[in-house]
Number of protein chains: 2
Amino acid sequence: MFEKIPKPVARRLAIYYRVLKEQSKNGAETISSSSLGRMLDLKPSQIRKDLSYFGGFGKRGTGYNVIDLMKSIEKILGIDKRWNVLIIGAGKIGRALANYPGLIQDGFTIKGIVDVSEKKIGKTIDEHLTIEDVAEMEKIIRERKIEIGVLCVPSDVAQKVLNSVIQYGIKGIVNFVPKRLKAPKDVMIEDVQISLSFKALSFRMVNSER
Amino acid sequence: MFEKIPKPVARRLAIYYRVLKEQSKNGAETISSSSLGRMLDLKPSQIRKDLSYFGGFGKRGTGYNVIDLMKSIEKILGIDKRWNVLIIGAGKIGRALANYPGLIQDGFTIKGIVDVSEKKIGKTIDEHLTIEDVAEMEKIIRERKIEIGVLCVPSDVAQKVLNSVIQYGIKGIVNFVPKRLKAPKDVMIEDVQISLSFKALSFRMVNSER
DNA sequence: TTCTAATTGTGAAATTTACCACAATGAGGT
DNA sequence: ACCTCATTGTGGTAAATTTCACAATTAGAA
């Protein structure tokens, strides 16, 4: 359907989406690639090229209609529908994500959170989600039609847990475990490794003369 | 000192570091670029090139000494010393980071956490850190020699808070706020935007045939 | 000592990504 | 209807990054 999309493009589209949402709240009707570029420290030409992979959304002389472009990016990113998400592991990160507004507002519905710990099972997070038993995971995934799993378990069991959820039919993983996991290629894994950002920062601070 | 380093290299070094640490715990003495590559799904040549920017750490025919390479990467990344960190904002993310083992183990000492909310100030997180008043922030930063700030405040105040902490002398920021922040170029900002990863995953799931 | 097998370090090629420059287009004014 | 100004969409080029390919080196065996 489309020509090949450079990998960094999807991530930037999500950034554009954020700004467009904000701008539409502020009542802006149109936005130009140069004003977007100024807000995001990106070259206008990059923004135009990114968008042009998916079609011509702009109008010459005027720029882009904020609402229309927002809707178009929603479609491209696949967040025009809602995704059912299960959080696996109710440690600090798992619990923090359990009702993270940024996710809920943008197309992701947290349908549950599971853990192994007897102590945690049954506890309620923010009067809204109750931690369930990992043993119920297959049932939860199948009945609630979970499509995305958020992996927040200890490193040493991560691959095992991943293998299970794949068997139960999950097709996408956001992986917070600091480990490279193996999965069939029809299962998409997106790694989030917070501690890498700290180390990258440290590197830049130490080597800032470069 | 060094030739120009491609931007993705620092992040990969942090990944290599993680594996080396694990391998050294398992008692491995040496490791080759190809075995590292297999573990991380990277081409061995990439690993060798990445390392070669900083010197020749390996021995032909044998590979790399695990401990030595680990120590070398620690130096390169600047985590051979400890960094003093202040968490700004005691919302979900801030509290989750407050004693995140991944950070504490790898060179970052959380020296405090501050918030504006009367309700939160004074509360203790994991019997270990007490949430302090943002009003005390200047004093905290100067007295505890804070070098890195972790920004976990609401979007609308982020730039203002950032401006303050920069005045108080902070030189590095890990920014969890979904917004591009402006700072003088001697202040390093590393963005962590969890919701982008979810959207990138959604994109890949929707466009997986590509 | 000499041979063999393993593995690095690195210039050069290939690939990927970003950027530029400009023709094409649309809106608004005269 | 025509001119002017702003801005897009895009082919081509430049820059950045990855990958290849191979000489150089080391360890160990014969």
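A note on names: the letters A, B, ... follow the listed sequences, proteins ahead of strands, and every chain is numbered from 1. Bear in mind that the values here come from a model prediction, so they are computed numbers and not experimental data.
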Round to the nearest Å and state the distance from [X] atom [atom1] to [N] atom [atom2].
X: A:Gln46; N: D:dG9; atom1: CD; atom2: P; result: 15 Å
X: A:Tyr64; N: D:dT7; atom1: OH; atom2: P; result: 12 Å
X: A:Phe54; N: D:dG9; atom1: CZ; atom2: C1'; result: 15 Å

Using a 4.0 Å heavy-atom cut-off to protein, can you give one letter per nucleotide of nucleotides 20-30 of chain D, 5' to 3': B if the base is in contact, S if only the sugar-phosphate is, - if neither? BB-BBBBS---

Sequence neighbours left out, cut at 3.5 Å: what donor-acceptor pairs do the side chains of residues 87-97 of chain B make with other protein atoms?
{"residue": "B:Lys92", "atom": "NZ", "partner": "A:Asn99", "partner atom": "OD1", "Å": "3.2"}
{"residue": "B:Lys92", "atom": "NZ", "partner": "A:Asp126", "partner atom": "OD2", "Å": "2.6"}
{"residue": "B:Arg95", "atom": "NH1", "partner": "B:Ala90", "partner atom": "O", "Å": "2.8"}

Between [Y] and [X], is there a salt bridge with N-O shorter than 4.0 Å?
X: B:Asp80; Y: B:Lys75; value: no
X: B:Arg82; Y: B:Glu147; value: no
X: A:Glu74; Y: B:Lys199; value: no
X: B:Glu132; Y: B:Arg144; value: yes

Determine, stepwise, if the pair B:Gln159 / B:Asn163 fulfils side chain to side chain donor-acceptor pair (under 3.5 Å). CA-CA 6 Å; B:Gln159 183 67 59; B:Asn163 296 345; 2.8 Å; yes

Classify the nucleic acid contact of A:Pro8 as base, sugar-phosphate or nothing, counting any heavy atom under 4.0 Å across all strands shown. sugar-phosphate

Can any side-chain N or O of A:Asn26 pair as donor or acceptor with the backbone N or O of A:Ala28 at less than 3.5 Å? no

Would you say the side-chain atoms of A:Arg204 pair up with the backbone N or O of B:Ile189, donor to acceptor, closer than 3.5 Å?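 Yes, the answer is positive, given that a donor and an acceptor are paired below the 3.5 Å cut-off.
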
Which residues in residues 19-38 of chain A have a heavy atom closer than 4.0 Å to any atom of DNA chain D? A:Ser32, A:Ser33

For a side chain to side chain donor-acceptor pair (under 3.5 Å) check, start with the C-alpha distance between A:Ser195 and B:Arg18, then their side-chain angles and the critical distance, and finish with the verdict. CA-CA 10 Å; A:Ser195 75; B:Arg18 194 196 73 215; over 6 Å; no

Aromatic ring pairing A:Phe198/B:Phe176, orientation class (parallel under 30°, perpendicular over 60°, tilted between):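 Plane angle between 30° and 60°, so tilted.
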
Does the side chain to side chain donor-acceptor pair (under 3.5 Å) test come out yes or no for A:Ser202 and B:Trp83, once each step is laid out? CA-CA 8 Å; A:Ser202 170; B:Trp83 293 95; 2.9 Å; yes

Contacts table for residues 57-69 of chain A: side-chain donor-acceptor under 3.5 angstrom, sequence neighbours left out:
{"residue": "A:Asn65", "atom": "OD1", "partner": "A:Ile67", "partner atom": "N", "Å": "3.0"}
{"residue": "A:Asn65", "atom": "OD1", "partner": "A:Asp68", "partner atom": "N", "Å": "2.9"}

Show, in sequence, the C-alpha distance, side-chain angles and deciding distance for B:Asp41 and A:Arg180, and conclude whether the salt bridge (charged side-chain N to carboxylate O under 4.0 Å, His left out) test is met. CA-CA 8 Å; B:Asp41 286 326; A:Arg180 178 143 229 82; 3.4 Å; yes

Bounds of contact between DNA chain C and chain A, in 5' to 3' order, using a heavy-atom cut-off under 4.0 Å: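 Going 5' to 3' along DNA chain C, contacts run C:dT17 to C:dA27.
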
Please check the phosphate of D:dT18 (OP1 and OP2 only) for any side-chain N or O of B:Tyr53 closer than 4.0 Å.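 Indeed not, no polar side-chain atom of B:Tyr53 lies that close.
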
Using the C1' atoms of the five pairs at each end, what is the angle between the end axes of the helix from C:dT1-D:dA30 to C:dT30-D:dA1, to 10°? 0°

